[in-house]
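In what follows, a structure is listed as structure tokens, so that the remarks can point back to it.
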Amino acid sequence: MLQAPMTDGSAQASSTSADSAAAQSNGSPTELMEVREVDGGDEDKDLRELLMPDVRSLPLVPPSAVESNFVAYFAPDFMKPGHDQYVYRHPNGLCVVGLARTHVAFRDEGGVTGVDFNVGKSDRSAIKVTGKRKKNAQHFESNTILCKVCTKSDSYVVSWHPGFDRCCVKGSLLEVNERLIKQPDLLNSLADREGYIAIIMPKPADWLKVKATLLRLEEYKRLKEQC
């Protein structure tokens with residue numbers, strides 16, 4: 001059964017992904033408003049609900065940092081069943097990408113044993129992004145490979161947005177989780193937190209294209225229950 005991310009309510013839920021994403025922006029109200037306006041106003045209802053929740057719908061147990069600061073989406077890869085990824089979107093526009101708990105890699109004996117960011121002609125772990133203009137960021141197309149995740153018996157490609165090859169959806173790679181190189185087991189135990197894969201900034205207009213192909217948590221759970 002699918003486990004919803006960040007439901008343990010622990011005080012330690014201020015994950016690396018949340019900290020890394022928040023560090024990319026000062027999070028001022030003006031910037032957040034600009035993001036919402038560019039994203040299409042009423043079309044980004046999810047982010048407004050995240051920033052200004054209805055007090056009548058607040059849970060009895062305080063949500064984790066990730067639940068409070070990100071909107072969770074899921075990308076089931078229908079061309080390769082089970083190659084599921086999540087995309088956590090911060091109000092500042094940053095997207096944290098990782099493997100969903102239902103990814104087939106976790107079903108292999110021993111789980112994930114290695115993560116290789118040296119793919120194609122570029123080592124993703126070598127990027128060093130600096131400044132507000134995100135100098136040195138790598139610019140991605142929708143099918144650009146982020147890394148290769150290995151198990152004892154197989155390997156799996158992780159891309160910016162799986163199954164979206166026919167549309168031009170671009171993004172800037174700001175950071176990969178270098179801890180996974182020496183600690184690949186983070187994927188097995190904390191895939192939705194410290195085990196995230198990368199942080200990417202898509203262009204606002206392109207994000208709307210991506211969002212249209214993603215599922216919210218409840219939709220994703222229903223899909224998996226039907227499989």
Side-chain angles (χ1 to χ4, degrees), residues 2-3 5-6 13-24 65-66 69-77 80 82-90 93-108 111-120 122-129 134 137-151 154-165 169-202 207 210 213-215 217 220:
L2 176 70
Q3 296 181 2
M6 305 304 113
S14 54
S15 66
T16 302
S17 57
D19 292 339
S20 300
Q24 304 296 333
V66 171
N69 294 293
F70 293 84
V71 178
Y73 298 92
F74 291 84
D77 193 341
K80 295 181 179 179
H83 289 58
D84 303 338
Q85 296 179 200
Y86 65 75
V87 179
Y88 294 161
R89 187 168 188 260
H90 192 272
L94 294 177
C95 292
V96 179
V97 178
L99 300 187
R101 290 287 189 180
T102 53
H103 195 284
V104 292
F106 302 127
R107 303 176 196 170
D108 289 357
V112 175
T113 58
V115 177
D116 186 5
F117 287 106
N118 192 359
V119 291
S122 176
D123 184 353
R124 309 299 186 204
S125 63
I127 67 167
K128 301 297 178 184
V129 177
K134 307 300 184 286
Q138 294 185 11
H139 300 289
F140 278 14
E141 300 291 340
S142 59
N143 59 343
T144 303
I145 296 175
L146 286 171
C147 69
K148 184 168 65 174
V149 173
C150 304
T151 64
D154 212 336
S155 63
Y156 305 90
V157 170
V158 181
S159 63
W160 150 218
H161 184 46
F164 210 69
D165 303 345
V169 177
K170 300 180 180 180
S172 297
L173 177 63
L174 305 184
E175 174 187 318
V176 298
N177 189 358
E178 295 184 39
R179 292 179 63 189
L180 296 179
I181 299 174
K182 294 183 178 180
Q183 297 176 271
D185 193 55
L186 284 174
L187 272 171
N188 298 317
S189 58
L190 297 168
D192 49 5
R193 292 165 57 183
E194 284 87 344
Y196 73 98
I197 298 292
I199 297 177
I200 295 174
M201 173 68 86
W207 163 250
V210 174
T213 69
L214 300 175
L215 301 179
L217 176 59
Y220 186 66

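Source: prediction; values computed, not measured.
Of all non-hydrogen atoms in F117 and C147, the two that sit nearest each other are CD2-CB, 3.5 Å. When every heavy atom of H103 is checked against every heavy atom of D84, the shortest pair comes out as CD2-O, 3.3 Å. Smallest separation of non-hydrogen atoms from A198 and L173: CB-CD1, 3.8 Å. Between V97 and S159, the closest heavy-atom pair is CG1-O, 4.4 Å. Residues V87 and C95 approach most closely at CG1-CB, 3.8 Å, considering heavy atoms. For the pair R101 and L190, the tightest heavy-atom approach, listed with the atom from each and the gap, is NH2-CA, 4.0 Å.
Interatomic distance, L187 CG to T151 OG1, rounded to the nearest 0.5 Å: 12.0 Å. Note: L94 CG to F70 CZ = 7.5 Å, rounded to the nearest 0.5 Å. From M201, atom CE reaches atom CZ of R89 across 8.5 Å, with rounding to the nearest 0.5 Å. Atom-to-atom distance recorded for I197:CD1 and L99:CG is 4.5 Å, nearest 0.5 angstrom. Within the model, atoms OH of Y156 and CD of Q85 stand 13.5 Å from one another, a figure rounded to the nearest 0.5 Å.
Each of D192, V71, I199 was compared with Y88 under the side chain to side chain contact (heavy atoms under 4.5 Å, CB included) criterion, and only D192 meets it.
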- Which is it for V115 and N177 under the side-chain contact (heavy atoms from CB on, under 4.5 Å) test, yes or no, and what are the steps along the way? CA-CA 10 Å; V115 177; N177 189 358; over 6 Å; no
- Item | Derivation and outcome, side-chain contact (heavy atoms from CB on, under 4.5 Å), residues V112 and L186 | CA-CA 9 Å; V112 175; L186 284 174; over 6 Å; no
- Message: Between V96 and H90, does the side-chain contact (heavy atoms from CB on, under 4.5 Å) criterion hold? Intermediate values first, please.
- Response: CA-CA 8 Å; V96 179; H90 192 272; over 6 Å; no
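When the ring pair (Phe, Tyr, Trp, His ring centres under 6.0 Å) test is applied to Y73, the partners found at least two apart in sequence or on another chain are W207.
In this structure, D116 contributes its side chain and K148 its backbone to no donor-acceptor pair below 3.5 Å.
Looking at heavy atoms from C-beta onward, V149 lies out of side-chain contact with F106 at the 4.5 angstrom threshold.
Ring-plane geometry between Y220 and F74 is classed as parallel, the angle between the planes falling under 30 degrees on a 0 to 90 degree scale with a further cut at 60.
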